Q: 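One structure coming up, written as structure tokens, with questions to follow.
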Amino acid sequence: MKFGGTSMAGTERIRRVANIVRRQQHAADGTRHEIVVVVSAMAGETDRLVNFCREANPLYDPAEYDVVVASGEQVTSGLLALTLQAMGCPARSWLGWQLPIRTIEAHSRARVEAIEADALLRALDAGEIAVIPGFQGMSDQGRVTTLGRGGSDTSAVAVAAAIHADRCDIYTDVDGVYTTDPRIVARARKLKAVTYEEMLELASVGAKVLQTRSVGLAMKEGVRVQVLSSFIDDNATPADDLPGTLIISEGEMNQMVENGHMERQLVTGIAHDKNEAKIILTRVPDRPGSVANIFQPLSAASINVDMIIQNVGRDKGETDVTFTVPQTDLLRAQALLEDRRDVIGYNRIITDSHIAKISVVGVGMKSHAGVAATMFRALADRGINIQAITTSEIKVSVMIDEDETELAVRVLHSAYGLDEEETA
């Protein structure tokens, strides 16, 4: 069971979490579950700690930064263990170095390599609830490491894989994965299940429910994940009755469809992302190596490039290159490209941060034609101009003007029949 920062924001909410954990340990049918809980820092706490680091030293040492920011999860893990004990539940906290959770030596962006779970499993066998701070681990040098923003989701999936858990429940401030953002489309539906591949695509194109890396790890390790809300009362449906959204393999999804537990949709969801920026380099020499000269320095600076379009210019031997980067990386990318203007040989650099990426995602695309055509026609009928397109086996994304984001989401949600009431 993993609880995010909003679920842990203060002693009252921690007490509510403890009640959820206690009820899950002792199921209504008399079954006693072995429970591991992974917790995030209180909402806003990590930002506060990061600011302390910047005030202390703007050019901070990443290893010491990790020592500071990892303390937020240490506080909530101890508080939850204390609250459970006050309720009569045997519980203890296990810090990242105590298990240990071993990671690569990459401070502030570490990756989990292995978890030594023998002592943890013995504690579970004895009936103890384990509370583990997410987001943190230990390097081979014995230093504290952190996994990057949203890393507690990855911690939870990694621990679930290490102990061969039946399921990893991610409790958050939403009660599942929806066909699109319910704040934009009132008739958006909560999905019973999505595949790992679909959730990976949705997470990568703007859905904020789960960290992308946690979904990739769940797919690799075969961990069944459920997303559900921690803001529930004592009469809420128990987690074992699957009130949230399951994230599972395509094989298990097909079995659910065959058994009549849900219907297969051509498109699973519509995602949007306004955190993109467009860069256009004009009159780039049309010769081998020119594109490499553009993207190699961006890659070396860890700037992710998404949509890429290369147009043959009107003048022979020249081309325009258009691509997108995260908005937060726009100024860095622009500076890198301006520094290499002589090497690349472009004429002008044009940027636009008022764009959005709209994506339709669904494994049904693998076996059905016409998904992209439906998207293009629906947007055209409402006068929404497409500036760029990118596709994968189960996704089509387009770049549009940011001001048309909400309209595009509503139009596409209707175009694919996602407004309709679920019949299964």
Side-chain angles (χ1 to χ4, degrees), residues 1-28 32-52 68-96 123 127-136 146 149-153 155-156 159-160 167-178 182-183 190 208-211 214 225-245:
M1 305 172 72
K2 181 264 174 179
F3 293 90
T6 52
S7 307
M8 305 299 293
T11 52
E12 280 304 313
R13 287 190 177 175
I14 290 174
R15 192 169 291 111
R16 175 183 289 175
V17 166
N19 271 316
I20 296 171
V21 172
R22 180 175 61 175
R23 289 203 309 272
Q24 187 65 29
Q25 186 185 36
H26 299 284
R32 187 184 71 81
H33 293 291
E34 294 177 346
I35 302 291
V36 176
V37 187
V38 173
V39 295
S40 298
M42 293 184 187
E45 180 65 10
T46 302
D47 288 337
R48 188 176 75 93
L49 296 170
V50 169
N51 287 333
F52 282 151
V68 175
V69 298
S71 65
E73 282 75 13
Q74 179 171 326
V75 169
T76 49
S77 62
L79 288 174
L80 180 56
L82 286 169
T83 306
L84 285 165
Q85 289 171 4
M87 294 178 173
C89 300
R92 67 154 286 189
S93 61
W94 296 78
L95 303 187
E128 192 172 78
I129 296 172
V131 186
I132 299 174
F135 179 59
Q136 66 172 245
T146 62
R149 282 308 178 93
S152 291
D153 287 347
S155 298
V159 170
R167 195 176 68 241
C168 178
D169 286 347
I170 306 286
Y171 286 83
T172 181
D173 52 2
V174 296
D175 61 350
V177 180
Y178 280 73
R183 293 169 296 183
K190 185 172 71 174
K208 301 295 191 291
V209 178
L210 287 176
Q211 186 201 46
S214 69
V225 176
Q226 181 179 207
V227 177
L228 66 171
S229 175
S230 60
F231 297 97
I232 56 177
D233 56 35
D234 289 342
N235 298 320
T237 306
D240 286 342
D241 291 336
L242 307 180
T245 299

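All heavy atoms count here, side chains included; hydrogens, waters and symmetry mates do not. Fair warning: this is a prediction, and the values are worked out from it, not measured in the lab.
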Q: Which heavy atom of Phe231 sits nearest to which heavy atom of Arg16, and what is that distance?
A: CD2-NH1, 3.5 Å

Q: Judged by atom type as modelled, is there a donor-acceptor pair below 3.5 Å linking the side chain of Gln136 to the main-chain atoms of Thr146?
A: no

Q: Pair up each side-chain donor or acceptor in residues 83-96 with any protein partner under 3.5 Å, not counting sequence neighbours, and list the distances.
A:
unit_1, atom_1, unit_2, atom_2, d
Thr83, OG1, Leu79, O, 2.8
Gln85, NE2, Ala91, O, 2.8

Q: If every non-hydrogen atom of Glu73 is compared with every non-hydrogen atom of Thr76, which pair is closest and at what distance?
A: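 The answer is O-OG1, 3.1 Å.
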
Q: Work out which heavy atom in Val21 is nearest to a heavy atom in Phe3; give both atom names and the distance.
A: CG2-CE1, 3.9 Å

Q: If you look at every heavy atom in Ser230 and Ile20, which pair is closest and at what distance?
A: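 Shortest heavy-atom contact: O-CD1, 3.6 Å.
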
Q: For the residue pair Pro133 and Val131, what are the closest heavy atoms and their distance?
A: CD-O, 4.1 Å

Q: Do side-chain atoms of Gln226 reach the backbone of Gly244 as a donor and acceptor pair under 3.5 angstrom?
A: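 Yes, Gln226 side chain to Gly244 backbone: donor-acceptor pair under 3.5 Å.
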
Q: What heavy-atom pair brings Gln24 and Ala239 nearest, and what distance separates the two atoms?
A: OE1-CB, 3.4 Å

Q: According to side chain to side chain contact (heavy atoms under 4.5 Å, CB included), who are the partners of Thr237, at least two apart in sequence or on a separate chain?
A: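 By the side chain to side chain contact (heavy atoms under 4.5 Å, CB included) rule, Thr237 matches Asp241, Pro243.
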
Q: Sequence neighbours left out, what passes side chain to side chain contact (heavy atoms under 4.5 Å, CB included) with Phe52? Give chain and number order.
A: Arg48, Leu49, Glu55

Q: Could you note down all residue pairs passing side-chain hydrogen bond (donor to acceptor under 3.5 Å, both in side chains) where residues 32-42 supplies at least one of them, sequence neighbours left out?
A: His33-Asp240, Ser40-Ser152

Q: Quick one: pull up CD1 in Ile35 and CE in Met1 and give me the separation to the nearest 0.5 Å.
A: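 The distance works out to 5.5 Å.
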
Q: My understanding is that only residues two or more places apart in sequence, or in another chain, count here; which of them pass side chain to side chain contact (heavy atoms under 4.5 Å, CB included) with Ser214?
A: Asp153, Thr154, Val157, Leu210, Gln211

Q: Is there a donor-acceptor pair under 3.5 Å between the side chain of Thr6 and the backbone N or O of Ala43?
A: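 Checked: no pair found.
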
Q: Does the side chain of Met42 reach to within under 4.5 Å of the side chain of Ile14, using non-hydrogen atoms?
A: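 A side-chain contact exists here, since the closest heavy-atom pair is under 4.5 Å.
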
Q: With sequence neighbours left out, which residue pairs that include part of residues 76-88 fulfil the salt bridge (Lys or Arg N to Asp or Glu O under 4.0 Å) condition?
A: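 Checked against salt bridge (Lys or Arg N to Asp or Glu O under 4.0 Å) - neighbours excluded - no pair reaches residues 76-88.
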
